[in-house]
Amino acid sequence: MELELGENPAPMTLRERYAVLSNELAEIADAAGRGPTDVSVLAVTKQQSSEAILAAIELGLHDIGENYLQEAREKFATLQPAGARLRKHFLGHVQTNKARAIVEQFDVVQSVDRIETGRALAEAVRETGKPIPVLIQLNISPVARFGAHPDEAERLAEELRAEGLTVDGVMAIGPITTDQREVIHAFERAAQAFARVGGSTLSLGMSADWRQAVRCGSTMIRIGSALFGARARARKIPI
Ligand SMILES: *Cc1c(COP(=O)(O)O)cnc(C)c1O
């Protein structure tokens, strides 16, 4: 397929992709009246090798995200001691019987969408003595399988806090559509729910839609393919 006129060829290395992303992020954040440090980049390393994670750490990407416990556990085991400075975010669906292992392996759980999950995590936090902040995953897309309804987020946050968990904000996956207004409308709903929930993290925006997310107030964009290149196996995103 030919490149369209005026389109730049895709940058090749992780370093180059990160540089391009950082520059554009700084521009878009600035245009939206946000400071250069208001939006952090979480590197989504699912299906990437331990070497790729180490390369990301070397570039200063200290927040990484994984979706599958088993895959993450194998990779994290090879990262010591370089992994010591990492903040590892769990992005996948939380099975309650895996809550303890998730708490042991990760530093943040971004995907809490029901009280049962929260109870299991709270119990694991008590057992392990390892406090981990959680985000409420919101459902803002018509086809999403997971996530709490934005109108229920505030109550869920209260219930989770009553269990002793630190709720630090919300996470959402945008609708898969080329309709920009639909994306922005969904992100605005997420931002409004974030305002009601409180905390410091609005985890919003992926490779295809992070620009709109930043304009809608995202404090953390979750980037996989725009950093590491297209994933080999197009595994379905567990939304
Ligand atoms: C895979 C994934 C991402 C990153 O997706 P890209 O489109 O490759 O940037 C972000 N968030 C979640 C929850 C994911 O599963």
Side-chain angles (χ1 to χ4, degrees), residues 10-14 16-22 24-25 28 39-49 52-53 55-56 59 61-72 75 86-95 98 102 105-114 117 133-141 143-148 150 153 168-178 180 183 186-187 190-191 193-194 201-214 216 218-239:
M12 292 310 295
T13 67
L14 171 62
E16 286 166 340
R17 288 194 182 97
Y18 184 38
V20 169
L21 177 75
S22 301
E24 200 185 350
L25 174 57
I28 289 180
V39 187
S40 59
V41 177
L42 181 150
V44 178
T45 53
K46 64 175 177 230
Q47 295 182 43
Q48 307 299 336
S49 64
I53 301 178
L59 291 176
L61 286 155
H62 292 297
D63 286 290
I64 65 161
E66 289 276 346
N67 295 54
Y68 303 97
L69 174 65
Q70 190 53 35
E71 177 189 340
K75 290 192 282 186
L86 275 183
R87 263 205 323 164
K88 306 181 200 108
H89 301 248
F90 187 70
L91 307 176
H93 183 60
V94 181
Q95 291 171 267
K98 301 278 168 60
I102 289 170
Q105 291 293 324
F106 289 88
D107 306 303
V108 181
V109 178
Q110 296 209 358
S111 42
V112 177
D113 61 359
R114 23 181 217 128
T117 305
V134 303
L135 305 183
I136 293 179
Q137 180 173 356
L138 300 175
N139 187 328
I140 55 168
S141 162
V143 297
R145 280 164 59 209
F146 299 119
D168 190 42
V170 304
M171 180 273 264
I173 297 171
I176 300 166
T177 170
T178 52
Q180 298 309 304
V183 172
F187 283 171
F194 172 54
T201 307
L202 174 55
S203 173
L204 206 59
M206 308 183 5
S207 293
D209 57 16
W210 65 264
R211 296 167 185 84
Q212 294 90 328
V214 170
C216 292
S218 171
T219 69
M220 176 178 280
I221 57 175
R222 306 180 309 272
I223 307 296
S225 46
L227 281 174
F228 299 102
R231 282 180 293 277
R233 290 162 290 145
R235 214 191 285 193
K236 245 184 107 182
I237 298 167
I239 54 178

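Order of appearance sets the numbers: ligands from 1, and atoms from 1 within every ligand.
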Inset, instruction - Taking all heavy atoms of Met171 and all of Ser111, pick out the closest pair and write down the distance. - result: CE-CB, 4.3 Å
Inset, instruction - Give, for atom OG of Ser225 and atom NZ of Lys46, the distance between the pair rounded to the nearest 0.5 Å. - result: 8.5 Å
Legend entry - Side-chain (Lys75) to main-chain (Gln48) donor-acceptor, under 3.5 angstrom: yes
Legend entry - Which segment of Gln110 sits under 4.0 Å of ligand 1 when only heavy atoms are counted: neither
Legend entry - Least distance between heavy atoms, Leu69 atom then Phe90 atom: N-CE1, 3.9 Å
Inset, instruction - Compute the shortest N/O to N/O distance between Gly224 and ligand 1 and return yes if it is under 3.5 Å, no if not. - result: yes
Inset, instruction - Find all atoms of ligand 1 within a distance of less than 4.0 Å from any non-hydrogen atom belonging to Arg222, and give their numbers and elements. - result: 4 (C), 9 (O), 10 (C), 11 (N), 12 (C), 13 (C)
Inset, instruction - Any atoms of ligand 1 less than 4.0 Å from a non-hydrogen atom of Ser225? List them with their elements. - result: 6 (P), 7 (O), 8 (O), 9 (O)
Inset, instruction - Find all atoms of ligand 1 within a distance of less than 4.0 Å from any non-hydrogen atom belonging to Ile173, and give their numbers and elements. - result: 13 (C)
Legend entry - Heavy-atom donor-acceptor pair, Arg17 side chain to Met12 backbone, under 3.5 Å: yes
Inset, instruction - Mark up the atoms of ligand 1 that fall under 4.0 Å of a heavy atom belonging to Val44, in ascending order. - result: 1 (C), 2 (C), 3 (C), 4 (C), 10 (C)
Inset, instruction - Please work out whether any backbone atom (N, CA, C, O) or any side-chain heavy atom from C-beta onward of Ile223 is under 4.0 Å from ligand 1, and answer side chain, backbone, both or neither. - result: backbone
Inset, instruction - Calculate, to the nearest 0.5 Å, the distance between atoms CG and CD1 belonging to Leu204 and Ile140 respectively. - result: 5.5 Å
Inset, instruction - For the pair Thr13 (side chain) and Glu16 (backbone), establish whether a donor and an acceptor sit closer than 3.5 Å, ignoring hydrogens and angles. - result: yes
Legend entry - Contacting atoms of ligand 1, where contact means under 4.0 angstrom from a heavy atom of Asn67: 14 (C), 15 (O)
Inset, instruction - Using a strict cut-off of 4.0 Å, indicate which atoms of ligand 1 neighbour a heavy atom of Ser207. - result: 6 (P), 7 (O), 8 (O), 9 (O)
